[in-house]
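Structure record follows, encoded as structure tokens.
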Amino acid sequence: MMSENYTKTAKTGYIALSVILSIFGIILISVPDFSMTLAVRICGGIMTAFGGFKLIGYFSKDLFRLAFQYDLAFGILLMSIGALMLIRPKGIINIAGVMIGLYILADGLMKIQISIDSKRFGIRSWYLIMIMAVLACTAGLVLLFKPSDGARIIVILIGISLFLEGALNMLTVLVAVKLKNKNIIDVKISDND
């Protein structure tokens, strides 16, 4: 029962933070003159919270055990990056786009694997995760290679990347996280059978 509460908490947190991330991405796209210091702090807060929900998700036992399988290490990493962005926003403004791009690329690659695993599990909507993951990876790569040094362009690219990352996380949790049905019995298969 406690694990089911963890799953509900992680799922709710993922959805809420995904919406916030996407909305913040839209704000950055719409207002490219947004203060970079404030943007870095907001991203840091969102990343720290996401890291916490990733840890909760990792310790939950959703039915398929797909969406949260990499979230122990990734949650700790995300909380560390988020804390750094909160504590030293001015010190990392110049590399914030690269840090965010690297995070989105890594998460997108993990979500590609989750989509492949989802297909094996027979989840019909697996391809939606794959499409969004490829789009997010592309956005992350663009941020890593910074096609322009113009601050406005970087802010818009960060906004697009954050919007896609929020959509990817929401889609993944909605498609791949299932709560256990009370009629389903957890069966362990041993090699001795």
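Heads up: numbering here begins at 1 and tracks the sequence. Source: prediction; values computed, not measured.
Taking both residues in full, the closest heavy atoms of Ala176 and Ser118 are given as CB-OG, 4.1 Å, listed atom of the first, atom of the second, then distance. Taking all atoms of both residues into account, the shortest heavy-atom contact from Gly82 to Met47 is CA-CB, 3.9 Å. Across all non-hydrogen atoms, the minimal contact from Leu157 to Leu143 is CB-CD2, 3.8 Å. Of all non-hydrogen atoms in Ile129 and Lys111, the two that sit nearest each other are CG2-O, 3.6 Å. The heavy-atom pair separating Ala167 from Met132 by the smallest distance is CB-CE, 3.5 Å. Between Met130 and Ile112, the shortest heavy-atom contact is SD-CG2, 3.8 Å.
Applying the ring-ring contact (aromatic ring centres under 6.0 Å, His included) test between Phe74 and each of Tyr58, Tyr103, Phe50 identifies Tyr103 as the sole match.
Within the 3.5 Å criterion, the main-chain N or O of Leu38 finds a donor-acceptor partner in the side chain of Ser35.
Dense packing is recorded around CG of Asp33, with more than 12 heavy atoms of other residues, nucleotides or ligands lying under 6.0 Å away. The 12-atom threshold is not exceeded at CZ of Phe163, counting heavy atoms of other residues, nucleotides or ligands nearer than 6.0 Å.
Interatomic distance, Trp126 CH2 to Ile114 CD1, rounded to the nearest 0.5 Å: 14.5 Å. Atoms OG and CG, on Ser60 and Leu55 in that order, are 11.0 Å from each other to the nearest 0.5 Å. From Ser18, atom OG reaches atom CG of Leu162 across 11.5 Å, with rounding to the nearest 0.5 Å. A distance of 15.5 Å separates NZ in Lys11 from CD1 in Ile56, rounded to the nearest 0.5 Å. Taken from CG in Asp107 to CG in Leu164, the straight-line distance is 12.0 Å, to the nearest 0.5 Å. In this structure, OG1 on Thr172 lies 10.0 Å from CG on Leu128, to the nearest 0.5 angstrom.
You'll find the side chain of Thr12 stays beyond 4.5 Å of the side chain of Thr9, heavy atoms only. The side-chain heavy atoms of Val40 and Met99, taken from C-beta on, include no pair separated by under 4.5 Å.
Between Phe34 and Phe24, the ring planes lie perpendicular to each other; the angle is over 60°, past the 30° to 60° tilted range.
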